[in-house]
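Remember, it's a predicted structure, so these values are computed and weren't measured experimentally. Both counts, for ligands and for their atoms, begin at 1 and track the order of listing.
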Amino acid sequence: EFNITRPKGYTVSYHANPEMEKHHFGQTHPMKPWRLTLTKSLVSAYGMPFAMDNYNTRAATYEELNSFHASDYLDYLASAPAEDMPRDIDNPDKEVKFNLGGSDCPLFHGLYDYCSMSAGGSLDAARKICNKQSDIAIAWGGGLHHAKRSEASGFCYINDIVVAVLQLLRCFPRVLYIDIDVHHGDGVEEAFFSTDRVMTVSFHKYAPEVFFPGTGGLDDNGPKSEHNPGAHHAINVPLNDGITDEQYEHLFQTIIGKINEVFRPSAIALQCGADSLAGDRLGRFNLQVQGHAACVEFCKKLNIPMIMFGGGGYTPRNVARAWAFETSIAIDAHKKIDPIIPQHTPWRERFIHDTLFPTLEQILGEPRANRNTQKRLQEIVQHVHEQLRFVTH
Ligand code: V1S
Ligand code: CA
Ligand code: ZN
């Protein structure tokens, strides 16, 4: 039934753990780990697992998480009582200090297991890339780019990306981090502020004060202190509401193409947050699955070992569409898969005429007004080119 075969000449690995998907942030919280189940079921319905090495992800160890995170933070995360448990009267300030227990980063049952499994998948992916057992490693359960060394932030508790990139740095001289989540990849940017071995690039909606996390302006390129090798190695692409596929693809290809020439990365870490799609519950862009996926395809064509992480994405069926289609790009099957979603998937029973590429009217809702002028996008490209003049390798 499926004519999906292993790609010729390279290996793709898929890292997931069905246990992760059973965790709940709470009824009204936008982050729904079951979107990972939906993604996996769509990937399987298309027969894609036949074309990849499939690994059941383990939990990262305390020592592995400790490669980036502070011990007192990890200790508290491991022991923190769930929301409905009695509070620890000896530690009233710890939740505040670590930004835990608010509405963005609630303390839920199994939190530590959830975090360590997310990081375990990303770390396994990095190890497969390091020892050349895979050329593209997929970890949709990772991509939690806001977590800091000693602080949870924006639905992220453990920064699996930083942990994975630290692993990549053991085997590769330079790593390029690219972030297409609608939010600024602040945690990853900050973690590598003082090294020239990692260049971070985030495309995001930017409106300080009103849109989370409020950082990532065009001029924020890493601390410009005199002896900081990391200066000019943080690239930010601040965008307005309603950006289209055409504009985004052009911007992405121009900027990433140039960075590839100048920085010459030996590995790529690509955060594929799907909240940059049109119709996302938190996002503001007009990207279609095709436009989002074009970024993945562009990176793949650079022929550099790559990890693909998940991230945000709050309209679960669109998240599954994007990540399943991007998995098909990784295995080079995207030109032959049928856009009509196959029979036998749980969702096909309810949505008989569903396709991978819904038209705006079908599901994504009214497009947003596009607030991105060509003039502004040109200025952004210009500024990035100026930053890259400082980069020599
Ligand atoms: N935008 C947004 C948003 N929505 C929520 C939220 C809504 C309902 C809930 F029950 C709980 C939280 N929080 C936010 C943002 C955080 C966005 C994180 C994005 C994560 C990622 O996609 O980049 C990667 C996985 N938080 C805020 O805007 C902060 C507040 C300032 C306002 C909202 N309240 C709930 C908390 C404080
Ligand atoms: Ca981003
Ligand atoms: Zn996001």
Side-chain angles (χ1 to χ4, degrees), residues 20 23-33 35-36 83 95-96 99-108 114-115 118-119 122 139-148 151-162 176-190 199-218 220 234-241 243 248 251-252 255-256 269-285 287 292 295-296 299 308-316 318-319 322-323 380:
M20 230 192 118
H23 294 83
H24 301 278
F25 281 65
Q27 280 277 303
T28 57
H29 200 286
M31 179 57 98
K32 308 288 182 197
R35 69 209 174 114
L36 298 168
E83 223 70 77
E95 288 183 11
V96 174
N99 191 29
L100 292 165
S103 53
D104 274 0
C105 304
L107 292 165
F108 54 83
Y114 165 84
C115 297
S118 159
S122 300
W140 296 133
L144 305 178
H145 58 178
H146 298 304
K148 311 283 155 51
E151 199 187 309
S153 170
F155 320 162
C156 307
Y157 305 81
I158 291 290
N159 202 316
D160 61 287
I161 303 168
V162 173
L176 174 60
Y177 173 67
I178 306 169
D179 185 318
I180 60 172
D181 190 289
V182 76
H183 299 100
H184 177 222
D186 57 351
V188 184
E189 178 184 276
E190 188 187 293
M199 178 170 279
T200 62
V201 191
S202 176
F203 297 76
H204 47 266
K205 151 92 184 162
Y206 180 65
E209 317 294 325
V210 296
F211 195 75
F212 188 87
T215 48
L218 188 58
D220 300 332
I235 302 292
N236 283 300
V237 183
L239 302 166
N240 289 319
D241 287 3
I243 193 166
Y248 198 94
L251 205 56
F252 187 89
I255 291 174
I256 300 301
L270 176 60
Q271 197 267 21
C272 303
D275 48 6
S276 42
L277 294 172
D280 188 81
R281 189 175 150 190
L282 301 193
R284 305 289 183 90
F285 293 167
L287 295 190
H292 195 269
C295 301
V296 175
C299 291
M308 289 160 56
F309 301 94
Y314 306 102
T315 302
N318 291 347
V319 177
W323 291 350
I380 292 173

Do the ring centers of F212 and H184 come within less than 6.0 Å of each other?
-> no
Is any heavy atom of the protein nearer than 4.0 Å to atom 31 (C) of ligand 1?
-> no
Can you find an N/O atom of H29 closer than 3.5 Å to an N/O atom of ligand 1?
-> no
Report yes if D275 has an N/O atom closer than 3.5 Å to an N/O atom of ligand 1; otherwise report no.
-> yes
Atom 4 (N) of ligand 1: nearest protein contact (heavy atom, Å) | L282 CD2, 3.9 Å
N/O/S of H183 less than 2.8 Å from the Zn ion (ligand 3)?
-> yes
Are side-chain N/O atoms of H204 and D179 paired as donor and acceptor at under 3.5 Å?
-> no
Looking only at protein heavy atoms, which one is nearest to atom 28 (O) of ligand 1, and how far off is it?
-> F212 CB, 3.8 Å
Around atom 9 (C) of ligand 1, find the nearest protein heavy atom and jot down its residue, atom name and distance.
-> P30 CD, 3.7 Å
Is ligand 1 less than 4.0 angstrom away from at least one heavy atom of G273?
-> no
Atom of D275 closest to the Zn ion (ligand 3), considering N, O or S atoms | OD2
Kindly indicate, with the supporting measurements, whether the criterion side-chain contact (heavy atoms from CB on, under 4.5 Å) is fulfilled by V237 and L251.
-> CA-CA 9 Å; V237 183; L251 205 56; 3.8 Å; yes
State, to the nearest 10 degrees, the angle whose vertex is the Ca ion (ligand 2) and whose arms point to O of D181 and O of F203.
-> 70°
Pull out every atom of ligand 1 sitting under 4.0 Å from any heavy atom of H145, numbered as shown with elements.
-> 21 (C), 23 (O), 24 (C)
Donor-acceptor contact present, side-chain H146 to main-chain G185, <3.5 Å = no
For M31, the atoms of ligand 1 under 4.0 Å from one of its heavy atoms are 25 (C)
Atoms in ligand 1 flagged as close to Y314, the criterion being non-hydrogen separation under 4.0 Å = 19 (C), 20 (C), 21 (C), 22 (O), 24 (C), 25 (C)
Do any nitrogen or oxygen atoms of T28 come within less than 3.5 Å of a nitrogen or oxygen of ligand 1?
-> no
Ring centres under 6.0 angstrom apart (Y314, F155) | yes
Angle subtended at the Ca ion (ligand 2) by D179 OD1 and S202 OG, to the nearest 10 degrees, is 100°
Taking salt bridge (Lys or Arg N to Asp or Glu O under 4.0 Å) as the test, write out the residues that go with R284, two or more places apart.
-> D241
Answer with yes or no after comparing the ring centroid distance for Y114 and Y157 against a 6.0 Å cut-off, counting only values under it.
-> no
Indicate yes or no: at least one non-hydrogen side-chain atom of M20 is less than 4.5 angstrom from one of P33.
-> no
For Y248 and C295, which heavy atoms make the closest approach, and how far apart are they?
-> CE2-SG, 3.6 Å
Are any non-hydrogen side-chain atoms of S202 and E189 less than 4.5 angstrom apart?
-> no
Of all N, O or S atoms in H183, which has the smallest distance to the Ca ion (ligand 2)?
-> O
Which protein non-hydrogen atom lies closest to atom 34 (N) of ligand 1, naming both residue and atom, and how far is it?
-> S103 OG, 3.8 Å
Can you find a side-chain donor-acceptor pair between D186 and H145 that sits under 3.5 Å?
-> no
Would you mind naming the N, O or S atom of D181 nearest to the Zn ion (ligand 3)?
-> OD1
For G154, the ligand 1 atoms with a heavy-atom partner under 4.0 Å come out as 18 (C), 20 (C)
Closest non-hydrogen protein atom to atom 33 (C) of ligand 1, residue and atom name please, with distance?
-> D104 OD1, 4.5 Å
So, do H24 and F108 sit near enough that their side-chain heavy atoms are less than 4.5 Å apart?
-> no
Number the atoms of ligand 1 from 1 as they appear, then name those within less than 4.0 Å of a heavy atom of G312, with their elements.
-> 22 (O), 24 (C), 25 (C)
Identify the heavy atoms of G214 and P208 that sit nearest to each other, and give their distance.
-> O-CB, 3.7 Å
